[in-house]
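Since the model is a prediction, treat every value here as computed from it, not as a measurement. In what follows, chains carry the letters A, B, and so on, assigned in the order in which the sequence lines appear, proteins first and then strands, with residues in each chain numbered from 1.
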Amino acid sequence: MPRSEEAAAFFHAVYEAILEIPPGRVTTYGHIAMLIGTPQRPRQVGVCLKHLPGDLTQRFNIDTVPWQRVINSKGTISPRSQPAAAQNQATRLEAEGVTVRRDAMGEMSVDFDEYGWFPDVLPSEAAGGGAGNDDADDDDEE
DNA sequence: TTTTTGACGTTAT
DNA sequence: AATAACGCCAAAA
């Protein structure tokens with residue numbers, strides 16, 4: 001558990017934000033960081049997920065928090081020390097209807113155009129390549 | 001206690 | 001396009 005109250009509050013905010021990701025959609029560590037008002041700490045979002053309790057009696061645990069819906073900004077499942085964990089994430093995503101594409105180098109990616117969930121994205125970003133969603137509320141697009 | 005590590009992302013070369 | 005440097009900070013070593 002986090003050593004300070006402030007850290008605990010951060011963990012809490014991260015988990016709450018992740019709970020908002022709709023099933024069958026994905027977003028990024030950076031986006032979660034932005035949503036909770038700390039855009040400079042996407043890395044800490046990863047820390048929170050890494051330490052997500054396996055204890056199912058806790059309010060936030062690996063079963064109640066849809067951690068699998070968080071991937072990196074490249075649109076790929078972040079590799080970690082335990083390769084099986086990434087595989088597990090892919091499996092959980094596929095179980096909710098998300099297509100995970102494996103390329104030649106064992107790298108697993110998800111198409112943001114199809115599954116990305118990015119509410120509150122600034123119009124300037126959306127203007128770029130047609131792949132954006134400037135709406136704060138989206139369920140279906142393209 | 002100090003140092004290193006790491007489920008990241010943006011900016012600068 | 002690809003690589004490096006940096007900011008971030010809780011945990012683990």
Problem - Distance between C1' atoms of B:dA7 and C:dA4 (Å, rounded) - result: 22 Å
Practice task
Identify, with sequence neighbours excluded, every residue that meets side-chain hydrogen bond (donor to acceptor under 3.5 Å, both in side chains) alongside A:Gln89.
Solution key: A:Arg80
Exercise for the section: Would you please name every residue forming a salt bridge (Lys or Arg N to Asp or Glu O under 4.0 Å) with A:Arg102, sequence neighbours left out? Expected result: A:Glu94
Handout entry: Pairs where residues 31-53 of chain A contributes a residue and the test salt bridge (Lys or Arg N to Asp or Glu O under 4.0 Å) is met, not counting sequence neighbours
Key = none
Handout entry: Qualifying residues under side-chain hydrogen bond (donor to acceptor under 3.5 Å, both in side chains), relative to A:Tyr115, sequence neighbours excluded
Key = A:Thr99
Residues 72-79 of chain A side chain polar contacts: donor-acceptor under 3.5 Å, at least two apart:
from	atom 1	to	atom 2	distance (Å)
A:Asn72	OD1	A:Lys74	N	3.1
A:Asn72	OD1	A:Gly75	N	3.3
A:Asn72	OD1	A:Thr76	N	3.0
A:Asn72	OD1	A:Thr76	OG1	3.1
A:Asn72	ND2	A:Thr76	O	3.2
A:Asn72	ND2	A:Thr76	OG1	2.9
A:Asn72	ND2	A:Ser78	OG	3.2

Exercise for the section: Let me know the distance between CD of A:Gln40 and P of C:dA10, rounded to the nearest Å. Expected result: 15 Å
Handout entry: Side chain A:Tyr15, main chain A:Cys48, donor-acceptor under 3.5 Å
Key = yes
Exercise for the section: With sequence neighbours left out, write down each residue that passes salt bridge (Lys or Arg N to Asp or Glu O under 4.0 Å) with A:Glu20, or none if nothing qualifies. Expected result: none
Practice task
Can you run through DNA chain B from 5' to 3' and write each base as (, ), [, ], | or . depending on how it pairs? Watson-Crick or G-U wobble, both distances under 3.5 Å.
Solution key: .|||||.||||||
Problem - Nucleic acid footprint by protein, nucleotides 7-13 of chain B - heavy-atom cut-off 4.0 Å, B for base, S for sugar-phosphate alone - result: BBS----
Handout entry: With sequence neighbours excluded, residues passing side chain to side chain contact (heavy atoms under 4.5 Å, CB included) with A:Thr27
Key = A:Ile21, A:His31, A:Ile32, A:Trp117, A:Phe118
